[in-house]
2 protein chains.
Amino acid sequence: MHVQPASGPPLTEDALLDRAHLVAGHTIGELAERAAIAVPREMRRAKGLAGQLLERYLGADAGSRAEPDFTALRIELKTLPVHEGKPKESTFVSSIELDALADTDFEDSPVWHKLRRILWMPVEADPSVPLPLRHFGSPILWSPSPSERRVLQDDYERVATLVLAGRIDELDGHLGDALQVRPKAAHGGVRERAPEGLGGYQWTGPRGFYLRPTFTAAILHAAFR
Amino acid sequence: MHVQPASGPPLTEDALLDRAHLVAGHTIGELAERAAIAVPREMRRAKGLAGQLLERYLGADAGSRAEPDFTALRIELKTLPVHEGKPKESTFVSSIELDALADTDFEDSPVWHKLRRILWMPVEADPSVPLPLRHFGSPILWSPSPSERRVLQDDYERVATLVLAGRIDELDGHLGDALQVRPKAAHGGVRERAPEGLGGYQWTGPRGFYLRPTFTAAILHAAFR
DNA sequence: CAGGATCCACTATTGGATCCCG
DNA sequence: CGGGATCCAATAGTGGATCCTG
């Protein structure tokens with residue numbers, strides 16, 4: 001690493017991309033050392049580490065809010081674990097506020113605000129490589145194409161329809177061609193409120209939107225072929 | 001079954017289709033009874049039974065030769081096991097003559113002669129239904145569309161290239177988007193001759209061409225949606 | 001708890017092996 | 001054996017459960 005860390009958020013897309021390119025080819029261990037943070041050898045004990053190191057290094061300023069990491073640039077930062085050329089996992093995009101979802105158009109939704117422009121940072125995800133030695137790849141600054149946007153919006157609207165009808169029990173990982181619904185909580189016991197048919201409510205587990213690996217694989221492929 | 005069995009091969013496509021439509025809705029047990037053949041309750045001991053009963057009932061005349069079942073009409077008969085709307089298995093198309101393959105253009109190949117026109121007979125494949133009680137569906141007389149043909153030919157030619165180069169060890173089930181290569185023998189000990197690089201030969205297991213379920217699923221879907 | 005994500009048990013699919021008949 | 005195919009162990013993929021940090 002030959003530059004100083006971010007002293008504040010980048011002011012332009014180019015400035016952000018420049019910083020991101022400096023990370024390419026370096027390792028999680030190197031970035032952690034700069035931040036004086038210890039790196040477990042196993043991902044299991046540090047699931048979000050690479051993403052959090054990048055947030056610091058690149059100057060993300062959203063904190064734990066439901067908006068894109070680089071607030072002024074409206075760009076979301078996502079790491080993408082890659083093994084043998086393909087995404088190893090689905091990508092968490094945002095939590096779902098079940099009580100607000102049915103009243104929120106896709107355009108105004110937190111999930112679309114995050115999806116509309118993403119800075120993808122590929123990270124080596126070969127299980128045989130210890131976590132500190134895994135390399136970052138070259139950044140991909142991506143926005144959905146019109147057809148990608150259509151797929152995402154269709155998925156969103158099918159979910160919104162179910163939530164509006166109070167059919168929360170049908171809200172599971174089978175939904176969505178690209179944008180999937182999955183549990184999102186520290187453990188299975190967490191409960192939150194959701195609509196229930198005619199203005200009532202019910203309690204259910206928190207859920208989030210995820211991008212399926214087939215979708216992110218297409219992004220990777222388009223960027224590097 | 002309200003008609004007599006075939007006394008000879010059908011003379012026209014329409015005659016063949018008429019006979020095939022008479023089978024739709026009837027069961028394997030009914031067809032077997034007409035032929036005075038006993039039906040095991042399990043498919044395991046009668047893997048090819050439905051196909052062989054149909055050959056007799058419909059008047060196929062190719063016997064065990066490497067050409068379409070209805071020789072005059074140049075139509076191949078294939079059963080298609082269907083469960084919950086989808087093909088349950090891949091479809092065997094033809095054996096591969098490794099010693100001849102590299103010298104045979106797709107157009108002149110046994111596999112293309114079988115693929116160019118197929119009478120598909122869907123057969124119920126729910127494991128919970130005893131074999132004799134499984135129903136036949138409505139026949140589908142199919143020929144590949146131009147794009148389907150392109151996919152099939154591309155797959156064939158990749159295989160031919162490998163065989164020509166003597167790279168028989170690479171000839172396995174991973175090949176082919178639609179047309180797959182798999183072992184085809186009574187057991188693993190069978191050997192046959194194949195080319196080996198510069199005019200020599202080597203011994204290997206017999207292989208056949210199969211259609212992947214994704215490909216036959218598209219045929220089913222196009223016919224019945 | 002919300003945001004950063006991956007873990008991993010289970011299911012679905014694949015593809016090598018096999019079964020019956022003439 | 002070649003033609004009629006399916007069986008089933010192993011692998012790939014899905015989706016519910018979980019882990020760390022501020």
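Heavy atoms only: backbone and side chains are in, while hydrogens, waters and symmetry mates are out. Letters go in sequence order (proteins before strands), and every chain restarts at 1.
- By the neighbour-count criterion of 12 heavy atoms within 6.0 Å, atom CD of A:E97 is sparsely surrounded, having that number or fewer from other residues, nucleotides or ligands.
- Of all non-hydrogen atoms in A:G29 and A:V39, the two that sit nearest each other are CA-CG2, 4.4 Å.
- Contact annotation for A:P213: no contact, since no heavy-atom pair falls under 4.0 Å across all strands.
- Where A:H187 and A:E89 each meet DNA chain D at their nearest nucleotide, the meeting point lying more 5' is that of A:E89.
- Proximity of A:R182 to the phosphate of D:dG15: no side-chain N or O atom is located under 4.0 Å from OP1 or OP2.
- Using a 4.0 Å heavy-atom distance criterion, B:T79 is classed as a sugar-phosphate-only contact.
- Between the side chain of A:K47 and the base of D:dT18, at least one donor-acceptor pair of N or O atoms lies under 3.5 Å.
- Taking atom CD1 on B:I37 and atom C1' on C:dC21, their separation rounds to 9 Å, with Å as the unit.
- When the P atom of C:dG4 is taken as reference, atom CG of A:L80 falls 15 Å away, rounded to whole Å.
- Here B:P81 lies in heavy-atom contact (under 4.0 Å) with sugar-phosphate atoms only.
- One atom, CZ of B:R193, and another, P of D:dC1, lie 15 Å apart when rounded to the nearest Å.
- Between atom CG of residue A:L119 and atom CD1 of residue A:I75 there is a gap of 6.5 Å, rounded to the nearest 0.5 Å.
- Across all strands shown, B:G48 has heavy atoms under 4.0 Å from base atoms, whether or not it also approaches the sugar-phosphate.
- Taking atom OH of B:Y57 as the reference point, atom P of D:dG4 lies 20 Å away to the nearest angstrom.
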Item to complete: Kindly indicate, with the supporting measurements, whether the criterion side chain to side chain contact (heavy atoms under 4.5 Å, CB included) is fulfilled by B:E76 and B:F70.
Response: CA-CA 6 Å; B:E76 174 73 11; B:F70 301 95; over 6 Å; no
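- Taking 3.5 Å as the limit, the base of D:dG3 and the side chain of B:K184 contain a donor-acceptor pair of atoms between them.
- The CZ atom of A:R45 sits 10 Å away from the P atom of D:dT21 (whole-angstrom rounding).
- Taking the side chain of B:D172 as heavy atoms from C-beta on, and the options D:dC7, C:dG16, D:dG15, the nearest nucleotide is C:dG16.
- When each of C:dG4, C:dG16, C:dC21 is scored by its nearest atom to the side-chain atoms of B:P183, the top-ranked nucleotide is C:dG16.
- When atom types are taken as modelled, the side chain of A:Q202 and the backbone of A:P195 share a donor-acceptor pair closer than 3.5 angstrom.
- Between the CZ atom of A:R212 and the C1' atom of C:dA12 there is a distance of 13 Å, given to the nearest Å.
- A:R207 contributes a side-chain N or O that, together with a main-chain N or O of A:G205, makes up a donor-acceptor pair within less than 3.5 Å.
- Backbone-only contact: B:K78 has heavy atoms under 4.0 Å from sugar-phosphate atoms and none from a base.
- Following rounding to the nearest Å, A:D126 (CG) and C:dT6 (P) show an atom-to-atom distance of 14 Å.
- In this structure, B:L175 atom CG and C:dG15 atom P are separated by 10 Å, rounded to whole Å.
- Shown here for A:E157 and A:T161, the closest heavy-atom pair between the two residues is O-OG1, 2.8 Å.
- Among the atoms of the strands shown, none is found under 4.0 Å from any heavy atom of A:E97.
- Applying the 4.0 Å criterion to OP1 and OP2 of C:dG15, one finds that B:Q180 has a side-chain N or O inside that range.
- B:G51 comes within 4.0 angstrom of sugar-phosphate atoms only, judged by non-hydrogen atoms across all strands, and of no base.
- Picking from C:dC19, C:dG3, D:dG15 the nucleotide with the shortest atom distance to the side chain of A:H174 gives D:dG15.
- At a threshold of 4.0 angstrom between heavy atoms, the contacts of A:E76 are confined to the sugar-phosphate backbone, with no base atom among them.
- Counting non-hydrogen atoms under 4.0 angstrom, A:A185 reaches a base of the nucleic acid.
- Heavy-atom nearest nucleotides on DNA chain C were determined for A:E192 and for B:Y210, and the one closer to the 5' end corresponds to A:E192.
- Side chain B:K114 to base D:dG3: no donor-acceptor pair is found below 3.5 Å.
- Among the protein residues, B:R44 comes within range of the sugar-phosphate backbone only, with heavy atoms under 4.0 Å from sugar or phosphate atoms but none that close to a base.
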